[in-house]
Amino acid sequence: MYELVSEFRLSESTAGYLTDPLVLKAVDSLLDKDSSTLPSTLDSTGLASYLRARAAALAVKYDTVIALEGLWRAIWAELLVGWSCTDWKEGRNPDNLWEEQSF
């Protein structure tokens, strides 16, 4: 039996995303939108709030990718001696790690 490395911790944003259905729905909704355009219903008074919410959703995305990497490293640390990101198969990046929810 293997014990998970005790240093592994989820960020508050990732924990909230994984445990709170409202946070999950809000983050997914914001990240599903095309980032090159603003929502058609948005007026100038809501722009700053929308951009803050989108920035927070992106922070959750990258915090989650970082958590996946930390978990992966915690599990496979003994086999990763000498491994680098250049050893990844072609096309691996934070966006597809987020989409697949796996490292």
Side-chain angles (χ1 to χ4, degrees):
M1 178 182 225
Y2 295 95
E3 185 176 318
L4 190 61
V5 176
S6 62
E7 294 93 37
F8 176 74
R9 298 283 184 266
L10 287 177
S11 68
E12 286 186 38
S13 67
T14 298
Y17 176 77
L18 296 174
T19 61
D20 186 332
L22 294 176
V23 172
L24 184 138
K25 184 176 181 178
V27 168
D28 287 350
S29 175
L30 284 163
L31 295 179
D32 282 345
K33 300 202 182 321
D34 178 6
S35 64
S36 65
T37 60
L38 295 171
S40 60
T41 58
L42 187 66
D43 63 16
S44 62
T45 62
L47 180 60
S49 293
Y50 171 78
L51 293 174
R52 279 190 206 93
R54 182 140 175 95
L58 287 168
V60 169
K61 174 181 178 175
Y62 286 100
D63 284 348
T64 302
V65 170
I66 291 166
L68 289 169
E69 188 275 341
L71 180 60
W72 183 75
R73 189 168 296 285
I75 293 169
W76 298 105
E78 293 177 16
L79 301 174
L80 294 177
V81 176
W83 181 87
S84 75
C85 289
T86 58
D87 296 329
W88 264 349
K89 65 182 178 185
E90 191 172 327
R92 299 299 283 170
N93 61 61
D95 291 331
N96 63 28
L97 294 172
W98 166 259
E99 294 298 322
E100 296 172 12
Q101 293 288 299
S102 66
F103 204 78

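Heavy atoms only: backbone and side chains are in, while hydrogens, waters and symmetry mates are out.
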Please collect all salt bridge (charged side-chain N to carboxylate O under 4.0 Å, His left out) contacts where either partner lies in residues 40-67, sequence neighbours excluded, each pair once. Lys61-Asp95
Who are the side-chain contact (heavy atoms from CB on, under 4.5 Å) partners of Leu42, not counting sequence neighbours? Leu38, Pro39, Leu47, Tyr50
Sorted by chain and residue number, the side chain to side chain donor-acceptor pair (under 3.5 Å) partners of Ser29 (sequence neighbours excluded) come out as none
Consider only side-chain heavy atoms of I, L, V, M, F, W and Y, link residues closer than 4.5 Å, and tell whether Val23 and Ile66 are in one cluster. no
Atom pair CG (Leu10) and CG (Leu68), whose distance is rounded to the nearest 0.5 Å: 9.0 Å
In chain order, what residues pass the side chain to side chain donor-acceptor pair (under 3.5 Å) check against Ser36, with sequence neighbours excluded? Asp34
Within the 4.5 Å heavy-atom criterion, are Leu24 and Leu18 side-chain neighbours or not? no
Heavy-atom closest pair, residues Thr14 and Ala67: CG2-CB, 4.3 Å
Could you see if Leu30 belongs to whatever hydrophobic cluster contains Leu51? Use Ile, Leu, Val, Met, Phe, Trp, Tyr and a side-chain cutoff under 4.5 Å. yes
Any chain of hydrophobic side-chain contacts (each under 4.5 Å) joining Tyr62 to Val27? no
For Asp28, which residues count as a side chain to side chain donor-acceptor pair (under 3.5 Å) partner, sequence neighbours excluded? Tyr17
Please find the pair of heavy atoms, one from Ser13 and one from Val60, that lie closest to each other, and give the distance. CB-CG2, 3.7 Å
